[in-house]
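Below, all heavy atoms of this structure are taken into account, side chains as well, without hydrogens, waters or symmetry copies. Chain identifiers are assigned alphabetically (A, B, ...) following the order of the sequence lines, protein sequences preceding nucleic acid strands; residue numbering begins at 1 within each chain. A quick note: this is a predicted structure, and the numbers were derived from the prediction, not measured.
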Amino acid sequence: MTSPVLSVKDLRVNFPSEAGSVSAVRGVDFDLYPGRTLGIVGESGSGKSVTSMSIMGLLPDYAKITGSVKFEGRELLGLSDKQMSEIRGNGIGMIFQDPLSALTPVFDIGSQLVEAIQAHRDVGKKQALKEATELLDLVGIPDPHLRLKSFPHEFSGGMRQRVVIAIAIANNPRVLIADEPTTALDVTIQAQILDVIKLAQRETGAATIMITHDMGVVAETADDVMVMYAGRPVERGDVDTIFSQPRMPYTVGLLGSTPRPDVSAEEPLTPIVGSPPVLVDLKQRCQFAPRCPVAQPACSDGEPPLIPLDDTSGHESACLRAPEIRDRKIGGDLMFKPPQLADDVMAGVPRDERPTTLEVRDLRKEFPLTKGALVKRRVGTVKAVDGLTFDIRKGECMAIVGESGCGKTTTLLEVMDLKPEHGAVVLNGKDAAGMSNSERRAARKDIQIVFQDPMSSLNPRLTVREVIAEPLNSLGFDGDVDARINELMGLVGLDSSQLDRFPSHFSGGQRQRIGLARALATNPSVLVLDEPVSALDVSIQAGVINLLEDLKRRLGLSYLFVAHDLSVVRHLSDRLAVMYKGKFVESGPTDEVFENPQADYTKKLLDAIPIPDPEAARRRRDPRPANASPISQK
Amino acid sequence: MTPSKDRNYFKQEPRGEITAHSEVATGDPFSPAEAEQVATLEQMPRGTSRYKLYLRRFFRNKLATIGLIILVFLMLAALFGGFFAKWDYTEPDFLALSEPPSPEHWFGTNDTGNDLYAQTIHGLGRSLTIAIVVSLATLVISAFVGSAAALWGGVAEKAVLAVIHFLLSIPTFLLIALVVADSGGDWKLLIVVLIVFGWMYQARVIWSLALTVREQDYVRAAGYMGVSKLRTIVRHVIPNIGSLLIIQFVFGVVGTVGSETALSFLGLGVKLPDVSLGTLLQGGTAAVQSSPWLFYFPAATLTLLTVSMAFIGDGLRDALDPNSNSGGKA
Amino acid sequence: MTKYLIKKTLGWLLMIFLATNLAYLLAANFLDPRSNYIGRRPPLSAEEINNLLEPYNLSPDTPLVQRWWTWLTNILTKWDWGQSPVGEVVNSEISYRIWVSAQLLLLSTILSILIGVAVGVYTASRQYKTGDRVWQGISIIAMNTHVVVASIAVVWGALKINELTGKKIFYVVGSHSLDVEGFFPKLMDSAQHLVLPTISLVFISYASYHMTQRTLLLDNLDADYVRTARAKGLTRQQAIRKHALRTSIIPVATSVAFSIPGIFTGAVMTERIFGWNGMGQYFIETISKNDVNGAAAVAAFGAAMTAISAVLADVVVVALDPRVRVS
C-alpha cells in the first residue's frame, strides 16, 4: 500500500469552559490514503467536526490541541496561522455545511474564486478568471462566464454549495474535507452535490473525508467508515463490513434506529435509550456503557481501546464484547429489542368506515409579488398552495413530502389558522370558514401542532408544568389540571417528578416529548406534525417516531405530517402526498407510492434518497449514469 | 425571504439531540461564551444557581465592580448625605460668599452663599429621581410598544416603526426644550416630557429582539392554543428579553441623566431655587475661572454617576447575555 | 441604485418636512411671543401687543391653522422663514450661523466615525487583550462624560498649552477672529477656533461607533464566510481585513442617521461654552425670546443635518453592499 497522505495520531482537543475543560475530541487516529474516501459518522457532539477543524487549523486559539496531524509527512499541529494558510486551500480543501452563509455576501463569486486561486499560485487576474470559469463549469454551474459577476444571494443553496466546492478544489488539493456538505440541502440537491464531490475527487485525485450524521450518505459515498461517539472513534472498518457486521453496540444501535427508505416498515425502530454524555470530567469507562443494552460491569472499569478484530482485516472496535457480536446479535439474541407498541384502537376498521377528521378541499394560498418603491404595483402572484384536496381519517397518518419551497409548510399554517382565504378546511365535519371567532377558538382544542425545533418550541422561562398547562388554561379544561398533566407526562414517556424543571434541563428528544404532551393536552383528534423529528439525532429520533406511532394507535389520532425525510415518512405514515410547486403531483397509500411511483418528480425524489446500506446503494447507483444529473438541474 | 419558501430551508436541519454538551462539537468553532453557556446549562438548570453564575460573571468584570461600589456610594450619599449637611441647600450663608471648600462648607459656597455640599447632595438626588422615574416609565412603554409591534406585525408594526424612526432622526432635544422652556422649572413636568420623547430608542432595540422571540415556535404555539396577544407578550415575550430590559434600564438612566443635566445646564430644565446637577454645572461653568470648586464638585459627581452606571451596564451585559461577545475568558 | 438613493432622499425630505412642522406647532403652542412686550414702559394692552405681533404672523388672535398655513406657504413659495417677535428676519439671522454650525457638526461627525470605526477594528482584532480593555474603558468614560464637563476639560487643557508655549495656539471663544486678512491666515484662524469644540464633540461621540463597530466585527469574525476565506488559504488577519470588515461596516453606516440628533444636542452646548454664534446658540436665544419662527428654523436645520449625513451614509452603503446595488 502507498503511504497515507494524511495521518492523524492521538488527536485530542479541549475547550476551556466555566464548568471545566470540555474534551471535544479524545484520541482520534486514522490514516487517509490517496483516492480513498473516509466517512466519519457520528451524532452531534461526537467530535467529528472538531476533528476536521483541527486538521485545518481553524479552531480558535483557546482550543488546546494535542497529538499529531501529518500531511504528506509534515506535522501540522504547532504551525503558525501563516504557515497553515499555505496548506489550507492548497494541500487540503474544505467544504462546509451551510452554503447559504459560506460565501461572503459582498463579493461576486468570480473574485472569491480568483482569491482562492491567487492565494496559492502566482497567476494573473485574466488567467485566474479563466480557471475560475472552468471550475464553475466543472461543478455544474450553467453559463459560468456570465455567472462570475453574480453575487452569492443570486444563487440557490445548491448552486452556492457548488461554488464552495469549486473554491475547495481550485488548487487541486490532495485532501478534500467535506463537513456535512449536504445537511442543509434538499434531497435531490443532496444527490447532485454528492455527485459533484465525487466528480471533484476524481478530477483532483484527492483523498476525501466525508463527515456526516447521515448513515445513508456514508453508505453511498465512503470506502472506509469511522464511527465516533463522545469524542472517540468506537468502530472502524470498510463500509460493507460496518454496515453488514457492526461489532460495536453503538453502531448496531445506530443502524437499528435509522429508518429505511427502501423497505416497508412493519417493525418499530429500535431506539438507543438515554443521551450522550457531557464531555466534562468524563469517567474512565466505556462512554456508551450507560446506554448499552449489553453492558457488563467490566465496561465501567476503563475506556476500552479501539483494537483490531482478528477475524476481519482492518475492522476495529472499542467494545469488550466485540468478539461475541455477530449479525447484530449477541449470543443469538437481538441486542436492541424492538419496543412493544400499543394495540391499534382502529385496527381492523377499513378506511371507508372510519370517520373523516380533517378534510381540505381546493385549498389555495397566494402571495402577491409587488414592485415599486412608494406605490406598490402587483406584478405577479406566487401560488404557494395551489388547489390541494385531501382528507384524513381517524387513526391515520397522512404525510406531505416535498422539498423547500414546495408549499408544505404554508399548507400546515393555512390548516392551523382555520381561516382559509380560498378553499375549505373542514375539521370533524365543521367548516372553518363558517366559524365565529369563539367557535374557532373552541375548535383549536381539536387540532394542535408539534414543531420542528425542540429548542424553540418551549418557552425557556416556564416550567414544564406551566408549558403543559398553558393550553388547558387557555382553551378551558373541565377537570383536575394537575392530574391531566401527570397523565400526559406518562403518555409521552416522561417522569412526572420532573414537572417543575425548566426546559433547558431536558435533551432535544425529551423536549419534543414535552411539546407533544402540550399538543395532546386538550385531547385533540388531529395533530399537525411539522418535521417533528428532523432536528433530532437518529438514535433519539427513533424513540420519538415510535412514540408517535404508539400514540396514534392508542388514541386513534389523525396526523397531518410534514417532512422532507422520506425514510421517516415511509416508516410512520399510512398515506402520502408528494408536493411540488404548490400542488400534489401524486398521492396514495405510502407503500404504493414508494414501490410504484407514477409521477416523474416522485421518481426523481425517491431515486435521490441515500440508502443506509452500501450494497443496496451500489445496486441502485449502477444503472444511474455517473454525473448525469448535476448539469441538468437549474 | 419569499413567503413560499419553507422555513426549514434556512435551518441546518438535523441540529441534533441538543443536550447540554452537544452543541460543543457541532461544527462551528464556538466561542468560549457558548461553550460556557452550554456547559453550565446542564449543571445549573434552576433559579438560584443561575443567579450565582450571573453574580460570578458580573464581579469578574473589574470595572463593573468598581462601578457598583461608586454607585452604591453615590446612592447612599443622595439618600443620607443630607443628614450630615450643616446648611440647607436653599439657605444662603451671607458670611461666606464664593468661599472655597472649608470645614464649614465642605464643597465651598457660590456667589450667593449657598452651601455647595448641600446643593450637590440635593442635585444628585433630584437628577437620580428624574432619571430613574423616566427610565422605568420608558422601559415599560418601550417594552410594550416594541413587543406589540413585533407580535402584531403588518401595518401596525410598520406604522410604529415609522413613528420610532421619525422621532429618532429628528432633534427631539430641541422639541423637549421647546415644551419645557416656559414651564418654570417643574421637575415633574420635565419627567413627563422626557418620557414622551425618550422611549423610542429602547422600543426599537426591544422590537428587534422581540422579532426573534416572535419567530420562536412557542409563540406560534401560544397562538394556536388560543392565548391572546397581550397575554403572549406578558408571558412569553417579555420574560425572554428580561436581561435586555435590565441592561436597557441601566443605560436608560445614564441617558436620562445626560438629557436632564443638559436641559438644566441651558436653563430650560430644573430651575432655581430647585437644583439638579445640571443647574450646578451651569453655575460652575460660569465661575470656572474665579471659583473652580463650583465646577469640580458637580462635574465630578455627574461623571462618577454616569460612568459608574455605564460600567455596571457593561458588566450586566457580560453577565446576563452570554451571546454577546464578551463572556468567557477572564 | 440611483433609484434606491432617490427613494431614500425623498424619504428624508419628508422627514424634514414633518419634523419642521411638528417643531412649529409645538413652538406655537408652548412659546408665548407676547411676553417680549410685557413689562414694557409704558405698559401695552393685550390688544396692542397682538397688533404688534400681527405683521410677524405671531398674533394669538389669528387661528393657529391660519398662522401655520401662512408660515408654510411663505417658506415653500418665497423661502421666507418669518420673523422674530421683535421683527428680526429669521433668514438673515440664520444665513451665516448655518455655516458656522454645519462645519462644526459635519467635521465632528466625520471624525467621530473615522476614529470610532478605526478603534473598533483595532480592538476587535485584539479582543480581551490589553489594548482592547484599555480602549473599552476609555470609550465608556468618553461616551458617558457630559459634554459640558468634556468641553471645560478641553478648555482647561488648551489654556494650559497656551500658557506653557506662551503663544495663542488655541482660541477658546468664538468661531473666528475679526481682524484676520488673507486666505491662509483666515484658514489658520478658523482652524485654531474650530479645533477645541471639535475635540469635545468627537470625544463624546466617537465611542458609540467604536462599540458598534467592535461588536459587529466580532460577530462577523465567526461568520461562516470568514471560515471559508481562511479555508481557501487566507490567514486569519487577511480574512478579517478582506471579508469580515467590509460586511461589518455596512450596518455601522446605516446607524449614522440616528446618532446625528445626539451630536446636534452636544453642539448646542459646545456652542454655548465656546461662544460660537451658531445655530445652537441661536436656538437658545429663540427660546428665551419666544421666537416661534426661529425655533422652527433651527429644527429644520437639525433635521436637514440628519438627512444629509444619512444620505451620505447611504452612498457609502451602496458602494459597499452589492445586495442593494443589484436588486
Side-chain angles (χ1 to χ4, degrees), chain A residues 15-19 22 24 43-45 47 49-50 53 58-60 62 97-98 179 183-184 213 275-276 278-280 367 382 384 404-405 407-410 416 441 444 448-449 451-459 461 470-471 474-475 501-502 504-505 507-509 531 534-537 540, chain B residues 2-32 35-47 53 56-57 215-228 231 235-236 239-240 242 327-329:
Chain A
F15 295 102
S17 86
E18 258 180 86
V22 178
E43 299 178 283
S44 345
S49 288
V50 178
M53 301 294 272
L58 290 177
L59 286 177
Y62 53 79
Q97 172 170 2
D98 186 4
D179 185 356
T183 305
H213 68 283
S275 38
V278 178
L279 299 172
V280 180
F367 296 100
V382 180
S404 312
K408 55 188 197 293
T409 299
T410 313
M416 281 307 294
R441 231 176 110 86
R444 297 212 177 281
Q448 280 294 325
I449 186 165
F451 293 100
Q452 172 180 16
D453 182 359
M455 294 305 283
S456 94
S457 65
L458 308 177
N459 183 345
R461 304 277 167 183
E470 188 161 35
S474 163
L475 294 172
R501 301 200 139 152
F502 287 90
S504 62
H505 179 79
S507 68
E531 305 262 13
S534 67
L536 303 177
D537 268 325
I540 312 294
Chain B
T2 57
S4 62
K5 281 231 167 87
D6 283 341
R7 72 196 141 71
N8 53 16
Y9 189 73
F10 293 88
K11 289 185 180 162
Q12 306 175 4
E13 276 168 336
R15 279 196 46 211
E17 178 76 344
I18 299 151
T19 49
H21 79 291
S22 65
E23 279 162 51
V24 165
T26 42
D28 293 321
F30 53 99
S31 68
E36 147 191 309
Q37 181 194 20
V38 156
T40 44
L41 274 178
E42 175 75 2
Q43 287 156 3
M44 306 194 172
R46 288 213 58 189
L53 172 74
R56 198 167 74 214
R57 288 204 197 127
E215 294 304 314
Q216 300 292 310
D217 287 335
Y218 56 80
V219 172
R220 262 194 279 231
Y224 293 136
M225 292 183 301
V227 180
S228 72
R231 200 170 152 68
R235 197 175 156 87
H236 294 293
N240 280 293
K329 297 218 240 170

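Contact annotation: the side chain of A:Met416 never approaches that of B:Arg220 to less than 4.5 Å [non-hydrogen atoms, C-beta and beyond].
Residues A:Ile449 and B:Tyr224 share a closest heavy-atom pair of CG2-CD1, 3.7 Å. Of all heavy-atom pairs between B:Arg235 and A:Asn459, the closest is O-ND2, 3.3 Å. Across every non-hydrogen atom of A:Ser474 and B:Met225, the tightest pair is OG-O, 2.6 Å.
Side-chain N or O atoms of A:Gln448 include none that pairs as donor or acceptor with a backbone N or O of B:Ala221 at under 3.5 Å. In this structure, the side chain of A:Ser457 does not engage the main chain of B:Asp217 through any donor-acceptor pair within 3.5 Å.
Both the backbone and the side chain of A:Leu475 come within contact range of chain B, with heavy atoms under 4.5 Å apart.
One distance of note links CZ of A:Arg461 with NE2 of B:His236; it measures 13.5 Å at 0.5 Å rounding.
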